[in-house]
2 protein chains.
Amino acid sequence: MNDFSAAQRSRVTMLDVAEHAGVSKASVSRFIGEDRALLSDAIASRIEQAISELGYRPNQMARGLKRGRTRLIGMLVADIRNPYSIAVMHGVETACRQHGYSLVVCNTDRDDEQERQHLALLRSYNIEGLIVNTLGHHRDELRELRQEMPMVLVDRKVEQLDSDLVGLDNPAAVEMAIAHLEERGYRDVLMVTEPYDGTSSRIERVSSFKAQVAQRPAFSGAVVETGGDLTARLNTFLQTPGPGPKALFCANGIAALASTHSLRELKCNLFEDVGLIALDDLDWYPLVGSGITALAQPTEEIGASAFECLLKRLRGDDGPVRTLDFSARLIVRGSTLGNLR
Amino acid sequence: MNDFSAAQRSRVTMLDVAEHAGVSKASVSRFIGEDRALLSDAIASRIEQAISELGYRPNQMARGLKRGRTRLIGMLVADIRNPYSIAVMHGVETACRQHGYSLVVCNTDRDDEQERQHLALLRSYNIEGLIVNTLGHHRDELRELRQEMPMVLVDRKVEQLDSDLVGLDNPAAVEMAIAHLEERGYRDVLMVTEPYDGTSSRIERVSSFKAQVAQRPAFSGAVVETGGDLTARLNTFLQTPGPGPKALFCANGIAALASTHSLRELKCNLFEDVGLIALDDLDWYPLVGSGITALAQPTEEIGASAFECLLKRLRGDDGPVRTLDFSARLIVRGSTLGNLR
DNA sequence: CTGTTAGCGCTTTCAG
DNA sequence: CTGAAAGCGCTAACAG
């Protein structure tokens with residue numbers, strides 16, 4: 001039996017420092033806390049030395065227990081293997097660290113039960129705030145938590161949860177995409193989206209798409225979901241005569257991956273038979289065919305603002321709920337050159 | 001000023017439950033702990049009811065403080081935007097959850113100072129074990145931590161740190177790659193790796209490569225690092241006559257991404273002018289050119305075993321340090337068809 | 001089986 | 001400016 005538990009117990013504690021420096025625990029506490037100003041130089045430097053000689057590290061658990069401030073932020077992510085989530089999370093984490101907070105990330109794998117468990121978990125660790133990027137079923141748990149701590153939603157809205165929201169200006173992004181396709185001469189557009197599951201951003205993108213298409217009489221637009229039959233559906237789309245040059249509009253990176261797979265299966269000539277524009281900008285977009293045109297989201301920024309939003313609330317801001325919409329940036333590559341057939 | 005702090009304080013505590021159920025705190029503690037067997041049915045059910053009526057959630061911070069067991073595992077990741085790390089982390093997290101542990105992930109962004117900070121942080125939260133996937137500079141800090149808790153290294157060894165290690169059988173993987181290239185008729189191979197920074201797996205792959213090449217007289221092999229001049233170097237490689245058909249061997253996903261970019265810049269005909277095999281298997285490999293042949297790592301498994309390793313140690317296993325080497329799996333795609341010129 | 005009693009490591013009044 | 005003392009929420013002997 002190894003004795004890690006013994007090691008754990010034997011860690012140097014505030015009392016050790018106090019004794020070593022010949023002062024009281026209170027002074028040590030003041031030293032490591034915000035109240036260093038209240039200490040005489042003599043005592044402060046004795047403590048400083050004792051700390052470094054002993055290699056003392058304050059125990060955050062204990063601090064948190066007493067003060068109710070753990071300096072911990074929780075983040076609930078639906079799918080950690082989605083590059084968008086990773087990028088946002090990276091932004092959040094960076095911002096956290098800059099402000100002395102740490103991030104506990106929980107991946108729900110799109111599973112409701114895991115969402116519930118993780119919610120309970122985060123709460124039990126006394127996190128101070130929560131960033132949510134999931135479907136937010138378990139509305140009750142979430143609302144309960146919302147009472148206890150500030151919360152900010154990322155990318156997807158949760159019904160009946162009055163919480164700040166940061167994400168993409170979806171209507172504007174979709175319009176940008178459609179306008180670009182139109183300008184390049186495409187007239188027959190198929191939007192590819194992951195299956196409807198209530199994700200608000202997904203819904204917004206699709207409805208904006210429909211609205212945009214409706215405004216353009218010369219345009220034809222339809223929507224399909226990714227899934228087993230995507231290839232067949234794309235094939236139908238490609239075979240069916242339409243009002244003009246065809247293009248795909250992929251609603252996110254996952255859809256772009258699936259669509260490109262299908263197009264290849266169909267032996268499609270990328271991207272001369274069909275155009276393609278995708279939301280999100282993944283690092284491999286330039287590599288396939290003539291390159292995939294993208295609408296990049298400022299993911300890093302989105303993450304950072306999510307944290308800053310939280311921080312404001314933590315600092316006492318009690319204003320009305322805010323929504324932060326960022327703009328997408330168009331990156332034109334070969335997939336929308338438009339020189340079709 | 002909102003009153004989250006008040007909310008935090010007002011959370012229902014064990015004492016509330018005890019009073020509500022008319023029992024002692026100790027009984028409640030037994031109920032939520034492992035000692036439920038010691039309670040009479042009558043009391044147990046009273047407590048159970050009180051808990052659900054009050055919506056009580058044990059405070060892990062407090063439990064951790066008292067017991068020295070936080071049920072927290074830390075993971076230090078060098079680059080969270082590397083798909084390999086994500087996949088491993090996903091494996092770790094899944095395993096953690098299955099055993100009632102939670103994972104705190106710290107991303108160092110390949111930055112030594114951040115590594116140091118995060119190490120201090122993890123320690124201050126009393127994590128019970130650590131999974132390390134970084135360069136492990138700050139050896140002193142690491143070794144100190146190693147005294148206090150079990151640790152397992154993933155993918156990269158750290159000098160003078162006697163710790164379990166789980167990763168890929170690099171020599172075998174490299175041999176598999178070279179054998180495959182040879183079989184497909186390639187004779188002139190350039191290995192592309194990220195810059196040398198002491199990463200052990202990187203070093204192993206390169207030295208195995210050199211060893212493999214040395215064993216094959218008909219073979220020519222060289223090594224380049226990714227970086228600003230990669231395109232130029234690849235160009236030189238392609239222009240310089242060699243012993244036969246040329247191929248690239250990318251030592252990981254990042255190198256594969258960079259190399260493919262460069263090949264495109266060079267207007268290379270993917271992959272008829274040059275073959276390509278890459279370690280790691282990323283989701284977009286099938287999409288570029290005729291598809292990139294890959295040596296897939298069992299990342300999910302690697303993550304899971306890393307955690308299981310840790311768990312064994314946590315449970316008291318004090319045996320000698322172990323090394324777990326997983327095997328890569330060859331996935332042949334168009335980039336090594338070999339029908340060159 | 002159950003309650004009482006000390007703390008875990010730290011912060012925070014409240015008196016000097 | 002500094003220290004003593006009282007907990008934060010929970011667990012773990014130790015007695016009943």
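Labels below follow one simple rule: chain letters A, B, ... track the order of the sequence lines, proteins then strands, and each chain is numbered from 1. Values in this document were obtained by computation on a predicted structure and should not be read as measured data.
Counted by atom type alone, B/Glu115 and B/His137 present zero donor-acceptor pairs between their side chains at under 3.5 Å. Using modelled atom types, one finds a donor on one side chain and an acceptor on the other under 3.5 Å when comparing B/Ser201 with B/Asp155. In the model, A/His118 has no side-chain atom that pairs as donor or acceptor with a side-chain atom of A/Asn107 under 3.5 Å. For the residue pair A/Arg11 / B/Asn126, a side-chain donor-acceptor distance below 3.5 Å is found, with atom types taken as modelled.
Enclosure of atom CD in A/Glu113 by more than 12 non-hydrogen atoms of other residues, nucleotides or ligands within 6.0 angstrom is indicated.
The distance between atom CZ of A/Arg63 and atom C1' of C/dT12, rounded to the nearest whole Å, is 13 Å. Taking atom CZ on B/Arg46 and atom P on C/dG3, their separation rounds to 8 Å, with Å as the unit. Rounded to an integer number of Å, the gap from A/Arg67 CZ to C/dG9 C1' is 13 Å. Separating the CE atom of A/Met14 from the P atom of D/dC8 is a distance of 18 Å, rounded to the nearest angstrom. Rounded to an integer number of Å, the gap from A/Met61 CE to C/dT11 P is 14 Å. Regarding B/Arg57, its CZ atom lies at a distance of 17 Å from the P atom of D/dG9, rounded to whole Å. At whole-Å resolution of the value, CG in B/Leu15 and P in C/dT5 are 14 Å apart. A straight line from CD of B/Glu19 to C1' of C/dG3 spans 14 Å, rounded to a whole angstrom.
Of the listed nucleotides (D/dG9, C/dG3, C/dT12), D/dG9 has the atom at the smallest distance from the side chain of B/Asn59. Which of C/dT11, D/dC10, D/dA4 sits closest to the side chain of A/Ser24 comes down to D/dA4. Listed nucleotides C/dG3, C/dC10, C/dA6 differ in distance to A/Lys25; the shortest reach to its side chain belongs to C/dC10. For B/Ala62, the side-chain atoms get nearest to D/dC10 when compared with the rest of C/dT4, C/dG9, D/dC10. When distances are taken from the side chain of A/Leu65 to each of D/dG3, D/dT11, D/dC8, the shortest belongs to D/dC8.
At C/dC10, one or more side-chain N or O atoms of A/Thr13 fall inside 4.0 Å of OP1 or OP2 (strictly under the cut-off). For B/Tyr125, no side-chain nitrogen or oxygen approaches OP1 or OP2 of C/dG9 to under 4.0 Å. Between A/Ser27 and D/dC1 there is no side-chain N or O to OP1 or OP2 distance below 4.0 Å.
In this structure, A/Tyr56 has its ring center no closer than 6.0 Å to that of A/His20.
With respect to A/Asp164 and A/Lys312, no salt bridge is recorded, no charged nitrogen being found less than 4.0 Å from a carboxylate O.
Each of B/Ile131, B/Leu122, B/Asn133 was checked for a side chain to side chain contact (heavy atoms under 4.5 Å, CB included) with B/Leu76, and the lone residue meeting it is B/Leu122.
A heavy-atom distance below 4.0 Å to DNA chain D is reached by these residues of residues 29-40 of chain A, ordered by number: A/Arg30, A/Leu38, A/Leu39, A/Ser40.
Side-chain atoms of B/Lys66 stay outside donor-acceptor range of the base of D/dG9, with no qualifying N/O pair under 3.5 Å.
B/Val23 comes within 4.0 angstrom of sugar-phosphate atoms only, judged by non-hydrogen atoms across all strands, and of no base.
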